[in-house]
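Read through the structure below, which is laid out as structure tokens, and then see the notes.
Residue numbers begin at 1 in each chain, while the letters A, B, ... track the order of the sequences.
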Number of protein chains: 2
Amino acid sequence: MATFPSRPTIRDVGRIAKVSPGTVSRALRGRPGVSDETRIRVEKVARQIGYQASRAARALPAGKTHFIGYHIASDPFNASMATLLHAMVQAASRADFEMLLFSSKPGQSTLDASVEVLQRGVDGFVLSYLRPDDPRIGLFESRDIEYVAFGHLPRGARGSWVDSAGAAGIARAVHHVAELGHQRVGFVGWPEGQWVTGDIRYRGYVEAVTELGLADDPALVVRVGGYAPEEGRRAFHQIVAARPTAVVAVSDNLAIGVMHAAEDLGLGVGTDLAVVGYDDIPAASDVRPSLTTLRQPVQTIGTRLVEVLLRRLDNPGSEPEGVEIQPELVIRSSTVPASPVVPTQI
Amino acid sequence: MATFPSRPTIRDVGRIAKVSPGTVSRALRGRPGVSDETRIRVEKVARQIGYQASRAARALPAGKTHFIGYHIASDPFNASMATLLHAMVQAASRADFEMLLFSSKPGQSTLDASVEVLQRGVDGFVLSYLRPDDPRIGLFESRDIEYVAFGHLPRGARGSWVDSAGAAGIARAVHHVAELGHQRVGFVGWPEGQWVTGDIRYRGYVEAVTELGLADDPALVVRVGGYAPEEGRRAFHQIVAARPTAVVAVSDNLAIGVMHAAEDLGLGVGTDLAVVGYDDIPAASDVRPSLTTLRQPVQTIGTRLVEVLLRRLDNPGSEPEGVEIQPELVIRSSTVPASPVVPTQI
DNA sequence: TTGTACGCGTTATCAA
DNA sequence: TTGATAACGCGTACAA
């Protein structure tokens with residue numbers, strides 16, 4: 001690569017390839033109206049001098065920034081973030097897009113932060129942590145901004161989304177422990193109406209319990225607002241009086257908290273109490289007993305999110321897509337046949 | 001906020017505030033030559049109509065993109081990534097900068113990926129996973145590109161960096177287990193010369209062992225190339241013949257692997273074998289026994305990284321800064337007084 | 001203290 | 001198939 005004193009521009013390419021800047025642009029962007037011969041020559045020169053179009057200069061006339069915005073939350077328990085982001089960045093780069101990270105300034109709403117980034121220029125958004133009444137949806141839909149959500153959309157939203165099949169997944173978990181002989185299956189979830197995805201997972205629990213004729217006791221259900229294992233621990237203490245012999249949680253972190261609570265109470269996880277998580281974060285295989293869980297293929301999800309978004313960006317009129325990915329039940333040591341004995345009381 | 005049909009531009013602000021676009025720019029960017037009265041009026045109008053300068057239009061004439069590039073690696077075991085990125089994004093946004101994520105395309109080197117984003121336009125880089133002979137350093141220094149590294153720099157590099165005090169931290173861990181009575185302390189590290197930070201941590205181990213007069217047996221030291229607990233597990237199997245009663249690892253994930261190996265061998269962690277990790281990832285408090293570890297304040301590190309970089313971006317002539325942050329030894333259940341009994345043999 | 005005019009690197013339009 | 005030219009929205013000299 002010839003070393004240039006400063007960044008080579010489209011004019012440099014043009015001068016060397018003996019064509020006008022306009023032709024260089026057409027050739028490199030794959031637009032029609034360029035002879036194959038010229039296109040090849042231009043591409044070769046561009047490669048040789050290491051030409052890369054300036055983002056800014058490209059965005060200005062075209063009105064397209066080639067940026068995808070992602071609002072990053074402060075969630076220290078999200079162990080899969082690195083994987084998700086990496087997958088998104090990879091998928092984006094394949095289509096010549098880049099991921100722009102932003103977050104809310106202290107006291108600023110996610111909505112306002114999104115508006116700010118939007119005004120500065122992004123072509124679309126990937127949304128996480130979506131609430132049922134999330135104002136971002138209204139904003140984007142009213143302004144025709146493309147978005148795709150990680151997680152099912154609330155009723156009424158007409159956008160694209162990618163999610164693991166939460167209802168089916170949780171139902172699968174309930175079936176699994178039921179097959180092991182458990183009758184009283186607890187559920188540790190998030191507050192109703194907090195996350196769309198959380199509500200769906202709860203639905204899977206209810207459906208499975210009903211279908212299987214398991215104990216349908218409201219005292220077996222508990223909801224927590226956060227993500228930390230500690231919340232799962234407190235949660236289990238709240239339902240232990242209802243004598244669950246198995247617990248299904250909406251996340252691995254909460255499930256690990258349940259395991260800690262069992263330890264507090266002298267209950268043996270796997271023996272006295274079966275526990276199932278959701279996500280399959282690395283810690284799920286690190287804890288002892290290792291945690292049975294529903295594996296969410298985060299990498300695939302990240303890739304699909306971006307692919308779906310880019311497809312809509314390419315043809316704005318197209319139908320929104322919803323992609324559901326079946327989570328895989330990974331059976332480990334936290335679920336073994338139910339103990340015939342009633343668990344120890346506190 | 002008045003709703004604009006499309007993005008409000010600097011002209012819109014000017015028209016409403018009854019000043020020229022030039023004055024709007026000067027007022028909003030805090031440049032001299034604007035009366036306080038005018039500046040306040042302009043700022044008010046800008047706020048009212050929700051004006052945000054277009055990134056592209058701003059970058060073009062100024063030659064400054066207000067982007068910080070970060071090469072995101074695919075490391076599923078990096079549980080702190082979300083926290084680090086969030087801290088960096090926050091710190092950047094305070095100074096009106098944004099974080100741009102990029103990664104290497106399949107088969108592409110980190111260097112080439114960096115050159116690509118650089119040509120497209122970024123003002124500086126935050127570097128992770130830095131190797132002693134990392135070619136990025138030469139590139140950036142020869143082209144006067146500002147960068148700051150998460151981790152100590154290799155000898156000869158003259159850039160800024162932020163790191164936890166790895167040598168002091170590991171030494172602190174060795175002192176801790178020595179105080180508990182351990183004489184044969186193993187070390188699970190990365191291959192020499194692989195990561196600058198890894199070599200420094202090893203130095204802390206050697207120094208402490210020497211200073212304390214502990215067993216200085218090469219068979220107590222083992223290095224692994226990866227990050228997965230499984231690597232730590234294999235590592236411990238390799239050094240168990242040297243009869244360590246304590247092990248210090250360069251990461252929590254490796255330490256957790258050591259705990260698994262102890263389980264394989266029927267050794268009780270905390271009783272037969274003391275284990276210390278590094279990082280304090282969430283899983284460190286999830287495993288049982290909970291893991292004693294050196295807490296790396298990732299959030300602080302992320303903030304400082306960006307602050308240090310921005311300071312150099314502001315005054316390019318300034319001296320590079322090196323910031324060392326003391327890790328905190330968090331004592332948990334994996335380190336208890338040494339057992340008087342020789343550990344079980346395989 | 002403020003306004004005007006130019007240019008940044010690219011893409012789109014229109015003419016050749 | 002190609003070249004010339006006019007934006008795109010902003011920052012900044014320079015002029016007023």
Kindly say if A:Arg31 contacts the phosphate of C:dA12, meaning a side-chain N or O under 4.0 Å from OP1 or OP2. yes
What is the distance from CG of B:Leu60 to P of D:dG11, rounded to the nearest Å? 11 Å
Side-chain contact check for A:Thr9: nearest option of C:dT11, C:dT4, C:dT10 is C:dT10
Looking at A:Ser20, does any N or O in its side chain come under 4.0 Å of the phosphate oxygens OP1/OP2 on D:dT2? no
Correct closest heavy-atom pair for A:Ala53 and B:Arg120 would be O-NH1, 3.4 Å
Relative to the ring of B:Phe97, is the ring of B:His66 parallel (under 30°), tilted (30 to 60°) or perpendicular (over 60°)? parallel
Side chain B:Ser80, main chain B:Thr83, donor-acceptor under 3.5 Å: no
So, do A:Phe67 and B:Phe67 have ring centers that fall under 6.0 Å from each other? yes
Picking from D:dT2, C:dT10, C:dT2, the nucleotide nearest the side-chain atoms of A:Arg11 would be C:dT10
Aromatic centroids of A:Phe140 and A:Phe125 separated by under 6.0 Å: yes
Calculate the interatomic distance between B:Ile40 atom CD1 and C:dT1 atom C1'; express it in whole Å. 15 Å
Distance check: side-chain N/O of A:Thr38 vs OP1/OP2 of D:dT1, anything under 4.0 Å? no
Can you measure B:Ile10 atom CD1 to D:dG11 atom C1' for me and round it to whole angstrom units? 8 Å
If only side-chain N and O atoms of B:Thr23 are considered, is one of them under 4.0 Å from the OP1 or OP2 phosphate oxygen of C:dG3? yes
Side-chain donor or acceptor of A:Arg7 under 3.5 Å from a matching atom on the base of C:dG9? no
What's the spacing between A:Leu309 CG and A:Asp123 CG if we round to 0.5 Å? 9.0 Å
Can you tell me if the side-chain N/O atoms of B:Arg29 get under 4.0 Å from OP1 or OP2 in D:dG11? yes
Measure from the side chain of A:Pro61, starting at C-beta and using heavy atoms only, and say which of D:dG9, D:dT2, C:dG9 lies closest. C:dG9
Spacing between A:Asp36 atom CG and D:dT1 atom C1', to the nearest angstrom: 12 Å
Expressed in angstrom and rounded to an integer, what is the separation of A:Gln119 atom CD from D:dG9 atom C1'? 14 Å
Mind calculating the distance between CZ (B:Arg120) and P (C:dG9) to the nearest angstrom? 16 Å
Reckon A:Val19 touches a base, only the sugar-phosphate, or nothing at all at heavy-atom distances under 4.0 Å? sugar-phosphate
Would you tell me if any nitrogen or oxygen in the side chain of A:Ser25 comes within less than 4.0 Å of OP1 or OP2 on C:dA12? no
Nearest to the side chain of A:Val34, which nucleotide is it out of C:dT10, D:dC10, D:dT2? D:dT2
Take A:Ala56 and B:Gly33, find for each the nucleotide of DNA chain C with the closest heavy atom, and name the residue whose nucleotide sits nearer the 5' end. B:Gly33
Rounding to an integer number of Å, can you tell me how far B:Arg58 CZ sits from C:dG7 C1'? 18 Å
Against the side chain of B:Arg26, the closest entry in D:dG11, C:dG3, C:dT10 is C:dG3
Rounded to whole Å, the NZ-P distance (A:Lys64 to C:dA12) equals 11 Å
Taking the side chain of B:Ser35 as heavy atoms from C-beta outward, which of D:dC10, C:dT1, D:dT2 is closest to it? C:dT1
